[in-house]
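Working notes, beginning with the structure itself.
Remember, it's 1-based here, ligands and their atoms both numbered in the order they're listed.
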Amino acid sequence: MSDLIQLNRLESGVVELVIDRPEALNALNVGVLLGLKAKLEQLASDASVRVIILRGSGEKAFVAGADIREMQTMGRSDAAQFSRLGHSVCLLLESMPKVTIAAVQGFALGGGTELALACDFILAAEKAQFGLPEVGLGVIPGFGGTIRLARAVGMARAKELVFGGDRIGAAEAVQLGLIRKVLPQDGFFDEVRKQAARIARNSLSAVSAAKSLMNEFEETSGVHPKVDAEIQRFSSLFGTPDQKEGMVAFSEKRTARFEGL
Ligand code: CAA
């Protein structure tokens, strides 16, 4: 499990967590999520760490979502456990007393967009692609995506993206306010490291006080109170004909034919 997540310690209190499953576009299976959770728990209490950069391995993807092949055979109770695990990783990223930055190059879909949204902010390269395509698989986002996307871009825009399962590029993500600006593809990770090091030079106690206060402002509209409801709705779709069809169609590399059941 641990070799699915690489930890690179950079200078000046910055660490890079790399999801290392490029052959599956860094899709989040149980092993990846457990590895991320363990590493984040370790880093949360490491006084030498100030800023965590979360990224994927390879050039093609940050994370192409939760692992569809693994989810294909899940029943409701496995799906609920899986969703709870994904939530625990996202809640750690969101609440830990360190700055968390998602460095997105390539695909950040489904659980990939959800992980990125749980970080304090997202830095994205020109070829970044975001989206929550879960309804095309017969399920819904299961790691807090609907709530955090609506918080980031507004409810109407989030509904349009979730119901359509649309993929958006980096330029549109700027227009929507998901990211502040697009960074050049060449030298992307060097620029991310520079920005992380700049933050790491500031007082960590001041930055983490600001983070917890800013998180408190959002408490009522935040994810915490809605976690159980989302886990219930996500898992209730497992075992339905549409969920089976959606995920089998992905594995068979064909378009799903939904019956609405
Ligand atoms: N799960 C499992 N495997 C995945 C995957 C995923 N989410 N995404 C990609 N892969 C695998 C592919 O199956 C393929 O494996 P094989 O070589 O063994 O066939 C490999 O990664 C490379 O992918 P593609 O050949 O499909 O690459 P592409 O360039 O043609 O397409 C893509 C890239 C558009 C990202 C496409 O892979 C894709 O649509 N992936 C799925 C995206 C998605 O639907 N994500 C949401 C998942 S559901 C979710 O995340 C639920 C949740 O909220 C908890």
- Selected option - heavy-atom contact closest to atom 34 (C) of ligand 1, from Glu23, Arg69, His87, Arg167: Arg167

- Task: Please verify whether a non-hydrogen atom of Pro141 lies at under 4.0 Å from ligand 1.
- Result: yes

- Message: Using a 3.5 Å distance criterion without hydrogens, assess whether the side chain of Arg76 forms a donor-acceptor pair with backbone atoms of Ser236.
- Response: yes

- Taking only non-hydrogen atoms of Gly110 and a 4.0 Å limit, the atoms of ligand 1 in range are 46 (C), 50 (O)

- So do the side chains of Val174 and Val182 get within less than 4.5 Å of each other, counting heavy atoms only? yes

- Item | Glu114 to Gly145 - nearest heavy-atom pair and separation | OE2-N, 2.7 Å

- Task: Determine, considering heavy atoms only, which of Ile68, Val63, Asn29 sits nearest to atom 2 (C) of ligand 1.
- Result: Ile68

- Item | Part of Ala27 within contact of ligand 1 (heavy atoms, under 4.0 Å) | side chain

- Query: So Phe143 and His87, would you call those rings parallel, tilted or perpendicular, with 30° and 60° as cut-offs?
  - Reply: perpendicular

- Task: Would you check whether Gln129 reaches within less than 4.0 Å of ligand 1, judged by its heavy atoms?
- Result: no

- Note on the structure: atom 23 (O) of ligand 1 sits nearest the protein heavy atom Leu25 CD1, 3.6 Å

- Distance from atom 14 (C) of ligand 1 to nearest protein heavy atom, with residue and atom: Lys253 NZ, 4.2 Å

- Query: Yes or no on side-chain contact (heavy atoms from CB on, under 4.5 Å) for Arg21 and Val63, after CA distance, side-chain angles and deciding distance?
  - Reply: CA-CA 9 Å; Arg21 234 195 132 200; Val63 165; over 6 Å; no

- Message: Within the protein, is there a heavy atom lying under 4.0 Å from atom 26 (O) of ligand 1?
- Response: no

- Item | Asp20 side chain vs Gly56 backbone, donor-acceptor pair below 3.5 Å | no

- Rest of the hydrophobic cluster containing Val248 (Ile/Leu/Val/Met/Phe/Trp/Tyr, side-chain heavy atoms under 4.5 Å)? none

- Query: Does Pro133 reach ligand 1, in the sense of a heavy atom lying below 4.0 Å from it?
  - Reply: yes

- Task: Between Leu137 and ligand 1, find which residue part has any heavy-atom pair under 4.0 Å and reply side chain, backbone, both or neither.
- Result: side chain

- Message: Can a donor-acceptor pair be found, under 3.5 Å and without considering hydrogens, that links the side chain of Ser83 to the backbone of Ala80?
- Response: no

- Tell me, with the steps shown, if Ser48 and Asp46 meet side-chain hydrogen bond (donor to acceptor under 3.5 Å, both in side chains). CA-CA 5 Å; Ser48 70; Asp46 183 336; 2.7 Å; yes

- Item | Residue selection (non-hydrogen contact nearest atom 29 (O) of ligand 1) among Lys60, Gln72, Glu70 | Lys60

- Message: Please report whether the ring centroid of Phe82 lies less than 6.0 Å from that of Phe238.
- Response: no

- Min over Gly144, Ala64, Ala61 of heavy-atom distance to atom 43 (C) of ligand 1 lands on Ala64

- Message: With a heavy-atom distance limit of 4.0 Å, tell me whether Arg21 approaches ligand 1 through its side chain, its backbone, both, or neither.
- Response: neither

- Query: Leu109 heavy atoms, cut-off 4.0 Å: which ligand 1 atoms fall inside?
  - Reply: 35 (C), 42 (C)

- Query: When clusters are formed from ILVMFWY side-chain contacts under 4.5 Å, directly or step by step, what else is grouped with Val51?
  - Reply: Leu10, Val14, Ile53, Val99, Ile101, Phe121, Leu123, Leu183, Phe188, Phe189, Val192, Ile199, Val207

- For atom 3 (N) of ligand 1, what's the nearest protein heavy atom and its distance? Phe250 CE2, 4.1 Å

- For the residue pair Leu117 and Thr113, establish whether any side-chain heavy-atom pair is separated by less than 4.5 Å. yes

- Message: Can you confirm whether some protein heavy atom lies under 4.0 Å from atom 7 (N) of ligand 1, or whether none does?
- Response: yes

- Min N/O separation Gly142 to ligand 1 under 3.5 Å: yes

- Item | Under 4.0 Å to a heavy atom of Met71 - the qualifying atoms of ligand 1, by number | 48 (S)

- Any idea which protein heavy atom is nearest atom 11 (C) of ligand 1, and the distance to it? Ala24 CA, 4.0 Å

